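Remarks on the structure that follows.
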Amino acid sequence: MIDIRIIREHFEDYKKVCERRGCPVNLDTILELDKSSRQLAQEVDALRAERNRLSKECQTNPAAREQVKSLKVDLGTKENTLNELQDKLMKMLAFLPNQLADDVPNGLDDTDNVELRKVGTIPTFDFPVRDHQQLGELLDIIDTQRGAKVAQTGFYYWKGKGAQLAQALFFWTQQQLVNKGFTLFMTPCVAKERTLYGTGYLPFFADQTFNIKDTELALIGTSEQTLVGYHADDVLDGKDLPLCYTAYTPCFRTEAGSYGKASKGIFRVHQFHKVEQIIFCKPEDSVKYHDFCLENEEYLLQQLGIPYHVVNVCVGDMGAPGYKKYDIEAWFAGFGGYREVTSNTNLTSFQSRRLNIRYKDGDTRDYVHTISATAVTDRVLVAILENNQQADGTVIVPEVLRPLCGFDKIEPKKR
RNA sequence: GGAAGAGUGGUCGAGUGGUCGAAGGCGCAACAUUGGAAAUGUUGUGUGUGGGCAACUGCACCGUGGGUUCAAAUCCCACCUCUUCCGCCA
């Protein structure tokens with residue numbers, strides 16, 4: 001949620017932001033609506049003051065009752081109109097995007113993202129490389145067929161050593177983050193509408209949500225929803241900030257309309273698994289902690305030996321709630337290119353306003369800023385499979401995971 | 001799932017129709033006292049939103065949403081949450 005004062009006081013600047021984002025919103029209408037609703041609010045307040053005054057008078061002068069009764073008719077209609085105006089205004093505000101950091105690149109889609117740096121050595125092979133789908137079958141560790149049979153296309157199984165490796169990866173990642181000061185959570189895997197709305201997934205990504213029939217609940221698209229929602233309506237103590245939270249959960253997305261080569265295998269699925277980083281901090285610190293989350297992402301990939309590059313996400317590839325976003329794209333040998341494995345967004349006060357998350361520090365009282373960043377997902381495991389493959393299909397396990405999964409390679413299934 | 005009870009400010013807790021945005025205690029802050037501190041004393045101490053340079057002041061808020069009434073923390077209805085007891089259960 002954008003602060004209405006930004007539209008009142010920095011109208012032209014904000015209008016440019018909407019234009020850069022390609023957001024078709026009518027700010028003039030919003031400004032007028034704001035003006036008329038504030039004017040009406042004053043009238044309503046004045047009538048209420050009169051009502052309150054007359055009501056007290058009733059104790060000594062019963063005749064005043066009739067005056068209040070007639071006054072209330074006018075007040076009632078004005079109150080209704082006011083509510084309608086305010087509802088309408090809130091609905092329009094809910095669709096407005098966040099402001100933008102100065103250094104967000106222009107552009108339409110991910111091809112316009114700006115590469116900041118490349119890290120790691122891209123592996124070379126003297127044999128034809130397999131993609132993760134082929135490796136998954138060869139090693140008998142990924143089963144998309146049965147995922148589709150039991151659930152639906154877009155769901156899959158990790159199996160055997162694949163599942164063991166996945167658990168090792170997710171556990172290892174959680175431990176690394178705990179070591180860096182994060183508090184680990186296990187969260188609900190469903191959330192109510194307010195939580196999704198508050199985190200900005202509604203109304204912006206409504207078609208991505210799995211709703212649960214006959215309830216007001218939906219499956220979470222990310223633990224960001226439950227971790228940020230955790231502090232809805234809280235006034236945090238400034239001394240406790242930043243709060244660094246992490247959780248490992250499944251993530252459910254309908255992925256409406258995403259098909260094609262880029263979604264081959266298990267790259268784009270309805271259910272994936274993610275360790276998340278969430279930070280609540282003071283507004284003046286959000287740039288710093290946005291970078292902190294990026295450092296963590298890079299550290300994890302480096303420890304796992306995965307080559308990657310970091311991109312500064314352009315305005316067209318960033319969601320409306322984002323102020324600034326870094327993506328890390330890892331190298332996928334089977335795909336033969338870089339593909340997104342993490343995204344790290346500074347949401348400034350966009351979520352905290354919607355969820356009413358504030359902090360208090362001395363005389364300062366303000367909305368916190370939130371940072372939402374991936375730590376690792378299944379895709380990281382996919383990168384490991386594709387990058388660490390040998391000629392016969394054997395996959396070498398990254399050293400840091402070996403103590404946890406208990407093996408150093410996964411070999412093809414014996415026939 | 002069944003039964004009973006409860007949700008009031010940072011916290012505890014009083015308050016069953018008006019003088020209640022709300023007693024009192026604790027906590028917190030400032031000042032006094034002290035060499036310094038404790039103890040003590042005095043004063044102050046909710047949030048949001050609007051008006052005003054300001055002093056100040058209008059409105060709203062006692063779990064949430066409706067309703068009754070000239071007037072609701074207080075009465076009525078629904079919902080949510082918590083506690084206790086019973087049942088079931090990973």
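Convention: sequence-line order gives letters A, B, ...; per-chain numbering from 1. Computed from a prediction, not measured in an experiment: that's the story for all the values here.
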Practice task
State plainly whether the residues A/Glu50 and A/Arg53 are in salt-bridge range, i.e. N to O under 4.0 Å.
Solution key: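 So A/Glu50 pairs with A/Arg53 through a salt bridge.
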Please report the distance, rounded to the nearest Å, between [atom1] in [X] and [atom2] in [N].
X	N	atom1	atom2	answer
A/Lys239	B/G10	NZ	C1'	12 Å
A/Lys56	B/A71	NZ	C1'	10 Å
A/Lys78	B/G58	NZ	P	21 Å
A/Leu54	B/C59	CG	P	12 Å
A/Asp233	B/C80	CG	P	18 Å
A/Gln59	B/C70	CD	P	14 Å
A/Leu75	B/A60	CG	P	9 Å
A/Asp366	B/U47	CG	P	14 Å

Atom [atom1], compared across [N] and [M]: separation rounded to whole Å:
N	M	atom1	result
B/A4	B/A90	C1'	28 Å
B/G24	B/G46	P	13 Å
B/G9	B/G13	P	11 Å
B/C62	B/A73	P	7 Å
B/U19	B/C59	P	13 Å
B/A30	B/U84	C1'	45 Å
B/G7	B/U43	C1'	33 Å
B/A23	B/U47	P	15 Å

Could you identify the nucleotide paired to [N], looking across every strand shown and requiring Watson-Crick or G-U wobble geometry with both distances under 3.5 Å?
N	result
B/A23	none
B/A3	B/U84
B/U34	none
B/U64	B/A78
B/A29	B/U43
B/A55	none
B/C89	none
B/U69	none

Exercise for the section: Take the angle between the ring planes of A/Tyr289 and A/Phe292 and call it parallel below 30°, perpendicular above 60°, tilted in between. Expected result: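 If you compare the ring of A/Tyr289 with that of A/Phe292, the planes turn out perpendicular.
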Handout entry: Plane angle bin for A/Trp331 and A/Tyr338 - parallel if under 30°, tilted between 30 and 60°, otherwise perpendicular
Key =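 Perpendicular: the ring planes of A/Tyr338 and A/Trp331 meet at over 60°.
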Exercise for the section: Would you check if A/Arg253 and A/Gln208 make a side-chain contact, meaning some heavy-atom pair closer than 4.5 Å? Expected result: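 When only atoms from C-beta onward are counted, A/Gln208 and A/Arg253 do touch, with a gap below 4.5 Å.
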Looking only at side-chain N and O atoms, does [X] come under 4.0 Å of OP1 or OP2 in [N]?
X	N	value
A/Arg358	B/U47	no
A/Lys69	B/C70	yes
A/Lys72	B/A71	yes

Practice task
Would you kindly say whether A/Asp3 and A/Ser349 are connected by a side-chain donor-acceptor distance under 3.5 Å?
Solution key: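 Looking only at side-chain atoms, A/Ser349 and A/Asp3 do not form any donor-acceptor pair under 3.5 Å.
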Measure from the side chain of [X], starting at C-beta and using heavy atoms only, and say which of [options] lies closest.
X	options	value
A/Asp45	B/G58, B/C70, B/G50	B/G58
A/Gln42	B/G48, B/A60, B/G50	B/G50
A/Arg38	B/C70, B/C59, B/G50	B/G50
A/Arg365	B/C59, B/U47, B/C70	B/U47
A/Arg48	B/C70, B/A60, B/U49	B/A60
A/Arg51	B/U49, B/C59, B/A60	B/A60
A/Asn52	B/G50, B/C59, B/C70	B/C59

Practice task
Name the residue closer to the 5' end of RNA chain B, choosing between A/Val44 and A/Glu66 according to the nucleotide with the nearest heavy atom.
Solution key: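 By nearest-heavy-atom nucleotide position, the 5'-most residue is A/Val44.
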Practice task
Would you mind telling me which residue lines up with the more 5' stretch of RNA chain B, A/Lys192 or A/Glu50, judged by nearest nucleotide?
Solution key: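 The answer here is A/Glu50.
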Problem - ring pair (Phe, Tyr, Trp, His ring centres under 6.0 Å) between A/Phe185 and A/Tyr230, intermediate numbers included - result: CA-CA 11 Å; A/Phe185 283 78; A/Tyr230 182 81; 5.1 Å; yes
Exercise for the section: For A/Ala41, answer base if it contacts any base atom (sugar-phosphate contacts may also be present), sugar-phosphate if it contacts only those atoms, and nothing otherwise; contact means non-hydrogen atoms under 4.0 Å. Expected result: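 No contact.
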Exercise for the section: Among A/Thr173, A/Thr222, A/Thr377, find the one that has a side chain to side chain donor-acceptor pair (under 3.5 Å) with A/Lys274. Expected result: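 Answer to the side chain to side chain donor-acceptor pair (under 3.5 Å) test with A/Lys274 among A/Thr173, A/Thr222, A/Thr377: A/Thr222.
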Handout entry: Result of checking A/Glu297, A/Glu329, A/Arg379 against A/Thr342 for side chain to side chain donor-acceptor pair (under 3.5 Å)
Key =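 Only match with A/Thr342 under side chain to side chain donor-acceptor pair (under 3.5 Å): A/Glu297.
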